[in-house]
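What follows is a set of notes on a single structure, which appears directly below.
Remember, predicted model here, so these are calculated numbers, not experimental data.
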2 protein chains.
Amino acid sequence: MRNRSVTYSSEATFQALADPTRRAVLDLLRRGSQPAGEIAGAFPVSRPAISKHLRLLRRAHLVREHREGRNRVYQLNPEPLRAVDSWLDQYRNFWKMNLNSLKTFVEAEHAKEISQHHIAKPKTSKGDH
Amino acid sequence: MRNRSVTYSSEATFQALADPTRRAVLDLLRRGSQPAGEIAGAFPVSRPAISKHLRLLRRAHLVREHREGRNRVYQLNPEPLRAVDSWLDQYRNFWKMNLNSLKTFVEAEHAKEISQHHIAKPKTSKGDH
DNA sequence: ATAATGCGTAACCGTACAGTTACGCGACTC
DNA sequence: GAGTCGCGTAACTGTACGGTTACGCATTAT
């Protein structure tokens with residue numbers, strides 16, 4: 001449970017990531033920082049629309065903004081994505097399990113087949129509930 | 001670009017994950033499949049509200065539903081989370097980079113300081129743009 | 001000083017959606 | 001068959017938000 005200087009609300013993060021345009025902005029920003037205008041230029045929506053998206057991304061700390069003359073340059077901040085990664089972590093074993101489920105199943109069947117001489121199956125654990 | 005039998009729209013997935021209640025439902029379902037009623041019982045909102053959340057999760061293929069008598073049992077399907085994991089992958093190197101950014105920066109400054117005898121700074125490389 | 005640029009914000013739509021209550025329907029119980 | 005349980009859905013409300021246009025405010029250019 002390492003506590004970095006700032007604790008990012010994964011709530012805001014997920015919320016910010018929910019919009020495809022915002023994810024695209026992040027993808028764009030991976031190539032390098034850009035002023036708001038150029039970001040807006042990359043999308044088929046109006047500049048104010050992007051401005052609002054950027055505000056949301058700012059609130060989620062997914063981007064950082066600093067002025068440069070009359071430009072506002074936006075920079076990616078991948079830090080909060082770490083929280084998403086951690087959250088995902090709880091499910092990773094889970095889908096690895098599923099990855100091997102067929103294999104495991106087959107092996108289990110195989111093992112059963114081998115040792116299946118006089119052992120009565122107790123009841124088949126009826127799902128995972 | 002592996003194409004599994006089903007292609008999950010990461011759009012629907014992110015959308016589904018955007019709500020805290022829905023993420024909580026998934027977290028709950030990690031412990032095992034449950035009928036809708038029990039899921040609803042675990043939250044301070046009405047049963048129909050949960051029912052709608054479950055519908056969204058179903059659409060995103062994050063849960064699977066099957067009837068069992070007069071119950072509808074919901075089961076976690078972690079598959080679509082893989083897509084999220086892949087998406088995140090593009091940022092993983094990035095935040096590893098940032099881990100070392102301070103170190104790198106300090107080292108760079110140090111190097112500059114050493115060689116900085118008669119070199120006029122052209123204009124300060126102006127961010128990372 | 002004046003004009004033009006770059007951006008954010010306000011004001012205003014339309015739509016999505018979280019939540020509620022009322023209702024309906026299939027599935028077990030007696 | 002009548003009652004009840006489990007659960008989805010319809011109908012409705014409040015709110016968030018994506019998009020637009022109009023506007024305002026700095027900063028640079030003339």
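Each salt bridge (Lys or Arg N to Asp or Glu O under 4.0 Å) pair with one or both residues in residues 83-92 of chain B, not counting sequence neighbours, appears once here: A:D85-B:R92, A:R92-B:D85, B:D85-B:R92, B:D89-B:R92.
The residue B:R67 sits apart from the nucleic acid: no heavy atom pair falls under 4.0 Å.
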**Study point:** nucleotides 25-30 of chain C: protein proximity per nucleotide (B base, S sugar-phosphate only, - neither; heavy atom, under 4.0 Å)
**Key:** --BB--
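The nearest pair of heavy atoms linking B:Q90 to A:D27 is OE1-OD1, 3.7 Å. Nearest heavy atoms, B:P80 versus B:H61: CG-O, 3.3 Å.
In this view, B:R67 and B:E65 satisfy the salt bridge (charged side-chain N to carboxylate O under 4.0 Å, His left out) rule, not counting sequence neighbours. Annotation: salt bridge (charged side-chain N to carboxylate O under 4.0 Å, His left out) contacts of A:R55 (sequence neighbours excluded): none.
Nucleotides of DNA chain D lying under 4.0 Å from heavy atoms of chain A occupy a range whose first and last members, 5' to 3', are D:dC17 to D:dT28.
Nearer to the 5' terminus of DNA chain C, by closest-nucleotide assignment, is the contact made by A:A36 (compared with the other of B:P48 and A:A36). Of the residues near DNA chain D, B:N71 and B:R55, the one whose nearest nucleotide (by heavy atom distance) lies more toward the 5' end is B:N71.
Here C:dG6 presents its C1' atom at 15 Å from NE2 of A:H66, a figure rounded to the nearest Å.
Each of A:D19, A:L76, A:I39 was checked for a side chain to side chain contact (heavy atoms under 4.5 Å, CB included) with A:V25, and the lone residue meeting it is A:I39.
No side-chain heavy atom of B:L81 sits less than 4.5 Å from a side-chain heavy atom of A:F94. You'll find the side chain of B:R23 reaches within 4.5 Å of the side chain of A:W87, heavy atoms only. Using a 4.5 Å cut-off on side-chain heavy atoms (C-beta onward), A:L26 and A:L17 make contact.
Not one side-chain nitrogen or oxygen of A:Y74 sits closer than 4.0 Å to the OP1 or OP2 atom of C:dG6.
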Report all interatomic pairs (protein N or O, nucleotide N or O of nucleotides 13-19 of chain C) with separations under 3.5 Å.
residue, atom, partner, partner atom, Å
C:dA18, OP1, B:R22, NH1, 3.1
C:dA18, OP1, B:R22, NH2, 3.2
C:dA18, OP2, B:R22, NH1, 2.9
C:dG19, OP2, B:H53, NE2, 2.5
C:dG19, N7, B:K52, NZ, 3.2
C:dG19, O6, B:K52, NZ, 2.4

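Side chain A:R72 to base C:dG8: no donor-acceptor pair is found below 3.5 Å.
Interatomic distance, CG of B:L56 versus CD of B:Q15, reported as 7.5 Å (0.5 Å rounding).
Classification of A:E79 and A:R64 as a salt-bridged pair fails, no side-chain N sitting under 4.0 Å from a carboxylate O.
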